[in-house]
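Working notes for the structure below.
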2 protein chains.
Amino acid sequence: MPTDDSPKTLRTTATSIEILKQLEAIDGARVSEIAERMDKPKSTIHGHLATLKQEQFVIKEGDFYFIGPELLRLGNQVRTREPAFVLARQFTERLFEETRLRSIFTVEMGGKAVFLHTASGSKMGWSHEQLGNRLFLHNTAVGKAILAELPEPRIEQIVDRWGLPQETENTTTDREALFEELERVRDQGYAVNRAENFNELYAIGVAATRRSGDVIGGFSVTGPAHSVTGEDRKAELAHTVKDIVSEFELELALA
Amino acid sequence: MPTDDSPKTLRTTATSIEILKQLEAIDGARVSEIAERMDKPKSTIHGHLATLKQEQFVIKEGDFYFIGPELLRLGNQVRTREPAFVLARQFTERLFEETRLRSIFTVEMGGKAVFLHTASGSKMGWSHEQLGNRLFLHNTAVGKAILAELPEPRIEQIVDRWGLPQETENTTTDREALFEELERVRDQGYAVNRAENFNELYAIGVAATRRSGDVIGGFSVTGPAHSVTGEDRKAELAHTVKDIVSEFELELALA
DNA sequence: CCAGCCGTTCGGCTATCCTGAACTTTAAAT
DNA sequence: ATTTAAAGTTCAGGATAGCCGAACGGCTGG
């Protein structure tokens with residue numbers, strides 16, 4: 001009777017998840033607060049929270065509920081599923097040490113770019129640690145670096161699924177143009193993001209591949225225009241990132 | 001009719017969660033594989049996976065399902081909920097730089113010790129990155145350090161809830177003995193784990209508190225006996241960890 | 001080309017989740 | 001202290017929504 005939002009979805013599970021998302025937003029929420037926000041009776045919310053609590057998906061402190069450790073543990077499995085992902089962490093940190101720029105290790109999942117590791121200095125304003133965040137591939141540096149290494153049909157598939165949405169005035173929205181750029185990326189061995197994503201935000205990304213040729217993910221450094229642009233600076237950074245990737249690929253092959 | 005395993009738990013949500021746990025164990029599972037393991041019809045599992053997929057709690061690659069990025073994102077919120085937790089990361093890394101021992105930042109949640117940050121060298125065998133794992137407080141170094149800073153009734157409550165289970169021959173299982181040790185911890189300003197947890201595993205932990213006095217969490221270094229024991233070595237490490245904690249507390253107070 | 005296996009769809013039955021109200025507890029205010 | 005209110009929790013009946021088994025279609029390997 002309420003809006004049938006999507007096909008064949010389990011209502012109960014969906015509400016449980018919705019509650020988790022509310023908890024994320026409010027952070028330390030009481031039963032009635034969530035009940036109000038979701039416009040459902042307290043008893044319903046209570047039942048869900050009781051179940052989630054039992055699995056430690058949430059924990060209860062006094063009358064407040066928080067996202068629980070089991071969710072952290074399970075979610076973290078994404079970063080440890082492949083040995084390569086675990087290894088990538090220390091290389092992300094080395095990349096930061098060498099460049100002093102926010103460094104990220106990203107993988108492709110479901111046609112999107114997912115952050116698995118980040119390294120950045122202390123007082124970076126945005127260091128919100130956005131692990132798990134999903135960005136587009138077509139307007140990020142690593143995204144393009146990864147795309148460039150994928151087999152053509154796969155690229156088509158991804159572009160078909162997500163399109164080429166414009167997020168800044170610099171975003172590449174033309175399919176032809178994107179493919180041309182990917183060609184260039186393959187030549188250079190690295191990709192650049194010129195504020196195609198967020199204004200003022202520039203980045204350089206390089207994909208890492210296995211000996212077999214298929215891609216694992218990619219490393220990137222990002223920063224405001226002045227710290228990444230300029231031909232010399234750019235070339236230097238690209239070189240550094242490529243070096244890290246080479247060492248990463250080498251160590252992976254040895255293990 | 002089936003075994004009523006526990007009070008008032010939402011069956012649907014519970015199964016969804018059970019499926020996630022199966023995915024964690026198998027890592028890259030097909031519908032029928034999970035169905036078989038859980039002894040439920042394929043169609044049921046399919047429905048759950050469809051729902052979880054829609055929320056990106058799982059992703060599907062070919063016919064294989066994996067834990068999805070949204071779970072990583074949500075779970076990671078545990079580490080970013082408090083600014084202090086975010087700040088703790090870099091101090092964990094500094095601690096590793098200075099000691100070259102596996103360094104961990106831990107908080108207390110629901111009477112257990114939860115790892116939020118770890119830093120360790122490359123070739124450590126166990127670096128399974130156990131973020132979110134829950135350990136006891138009474139037989140770990142940070143655990144005891146944290147306990148020592150909690151108000152007495154809270155300690156009682158936690159010990160009542162979880163007991164003092166024995167995990168190695170060194171575990172303190174006597175309530176009196178534990179309280180005496182906590183007293184000693186308060187005097188020294190640090191706690192020690194002498195293989196009370198896992199054989200061969202020693203650790204030194206120090207709790208970090210706010211100016212108000214309540215505890216945030218704790219830092220620790222762990223290693224095999226030879227790298228942590230010996231009076232001089234121990235004193236030196238304790239000093240290092242305490243220093244890190246002091247700097248952490250200071251920087252936190254300034255922010 | 002056929003046979004098996006697997007993923008997916010579908011409709012009916014009934015278990016189970018939702019709901020609203022009652023009960024308990026906590027906190028504040030007079 | 002006593003009272004009021006608001007929040008958390010419990011409960012039971014009724015309707016919804018998830019579970020199931022069977023059938024379909026796609027894929028792979030013999």
Side-chain angles (χ1 to χ4, degrees), chain A residues 1-20 22-23 26-55 57-68 110 153-154 157 161, chain B residues 1-23 26-55 57-68 110 151 153-154 157 161:
Chain A
M1 212 167 315
T3 56
D4 188 12
D5 39 279
S6 44
K8 299 290 95 168
T9 156
L10 266 45
R11 220 147 190 63
T12 311
T13 297
T15 356
S16 282
I17 292 178
E18 167 70 11
I19 289 176
L20 289 176
Q22 292 289 344
L23 279 184
I26 308 183
D27 192 73
R30 355 194 40 164
V31 174
S32 39
E33 196 173 356
I34 301 176
E36 193 179 16
R37 287 204 180 208
M38 293 179 56
D39 194 38
K40 285 191 156 61
K42 290 183 298 178
S43 48
T44 301
I45 306 298
H46 182 76
H48 282 268
L49 284 171
T51 308
L52 292 169
K53 177 182 157 194
Q54 166 175 300
E55 301 286 348
F57 268 44
V58 305
I59 61 152
K60 186 182 177 183
E61 274 171 20
D63 278 343
F64 292 86
Y65 289 87
F66 299 86
I67 294 189
R154 186 75 188 287
Q157 184 188 358
R161 167 155 188 204
Chain B
M1 212 165 316
T3 55
D4 188 13
D5 41 278
S6 44
K8 299 288 95 170
T9 157
L10 265 46
R11 217 146 202 53
T12 311
T13 297
T15 342
S16 283
I17 293 178
E18 167 70 11
I19 290 177
L20 289 176
K21 291 195 173 161
Q22 291 290 344
L23 279 184
I26 309 181
D27 192 73
R30 354 193 43 168
V31 175
S32 38
E33 197 172 357
I34 302 176
E36 193 179 16
R37 287 203 179 211
M38 293 180 53
D39 195 37
K40 285 191 156 59
K42 291 184 297 178
S43 48
T44 301
I45 307 297
H46 182 75
H48 282 268
L49 284 171
T51 307
L52 292 168
K53 177 182 158 195
Q54 166 176 298
E55 302 285 349
F57 268 44
V58 306
I59 61 154
K60 185 183 178 183
E61 273 171 23
D63 277 342
F64 291 88
Y65 290 86
F66 299 86
I67 293 189
R154 187 76 188 289
Q157 184 189 358
R161 169 157 187 203

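Quick caveat: nothing in here was measured; it's all calculated off a predicted structure. Below, chains carry the letters A, B, ... as their sequence lines are ordered, and counting in each starts from 1.
- Relative to the side chain of Leu10(A), the nucleotides dC10(C), dC19(D), dG7(C) differ in distance, and dC19(D) lies closest.
- In this structure, Thr9(B) OG1 and Ile17(B) CD1 are separated by 8.0 Å, a value rounded to the nearest 0.5 Å.
- Residue Ile45(B) contributes atom CD1, which lies 13 Å from atom P of dG21(D) at whole-angstrom precision.
- Remark: Arg30(A) fails to qualify as a cation-pi partner of Tyr65(A) under the 6.0 Å distance and 45° angle criteria applied to the six-membered ring.
- The NZ-P distance, from Lys40(A) to dC17(C), rounds to 15 Å in whole Å.
- In this structure, His48(A) reaches the dC18(C) phosphate: one of its side-chain N or O atoms is under 4.0 Å from OP1 or OP2.
- Atom CD in Gln54(A) sits about 16 Å away from atom C1' in dT9(D), given to the nearest Å.
- Heavy-atom distances to DNA chain D give each of Thr13(A) and Lys60(A) a nearest nucleotide, and the one nearer the 5′ end belongs to Lys60(A).
- Distance NE2/His48(A) to OG/Ser16(A): 4.5 Å, rounded to 0.5 Å.
- In this structure, the nucleotide among dC20(D), dG7(C), dG8(D) sitting nearest to the side chain of Lys42(A) is dG8(D).
- When the side-chain nitrogen and oxygen atoms of Thr44(A) are compared with OP1 and OP2 of dT19(C), one or more of them lie within a distance under 4.0 Å.
- In this structure, Ile19(A) atom CD1 and dC17(C) atom P are separated by 13 Å, rounded to whole Å.
- Between Thr12(B) and Ala29(A), the residue whose closest nucleotide on DNA chain D is further toward the 5' end is Ala29(A).
- Taking side-chain N and O atoms only, His46(A) has a distance below 4.0 Å to OP1 or OP2 of dT9(D).
- In the set dG7(C), dG8(D), dC18(C), dG7(C) carries the atom at the smallest distance from any side-chain atom of Asp63(B).
- Atom CD in Glu36(B) sits about 8 Å away from atom P in dC6(C), given to the nearest Å.
- Residue-level contact check: Tyr65(A) touches the backbone only, with heavy atoms under 4.0 Å from sugar-phosphate atoms and none from bases.
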Residues Thr13(B), Glu55(A); criterion side-chain contact (heavy atoms from CB on, under 4.5 Å); working and verdict: CA-CA 10 Å; Thr13(B) 297; Glu55(A) 301 286 348; over 6 Å; no

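- Dashed line: the shortest gap from a side-chain N or O of Arg30(A) to OP1 or OP2 of dA7(D) is not under 4.0 Å.
- A straight line from CG of Leu49(B) to C1' of dC6(C) spans 14 Å, rounded to a whole angstrom.
- OP1 and OP2 of dC20(D) both lie 4.0 Å or more from every side-chain N or O belonging to Ser43(B).
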CA sep, side-chain torsions, deciding dist, call: Leu52(A), Leu10(B), side-chain contact (heavy atoms from CB on, under 4.5 Å): CA-CA 9 Å; Leu52(A) 292 169; Leu10(B) 265 46; over 6 Å; no

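- You'll find that the side chain of Pro41(A) is closest to dT19(C), out of dT8(C), dC20(D), dT19(C).
- At whole-Å resolution of the value, CZ in Phe64(A) and C1' in dA7(D) are 11 Å apart.
- One can place CD1 of Ile17(B) at 16 Å from C1' of dG18(D), the figure rounded to the nearest angstrom.
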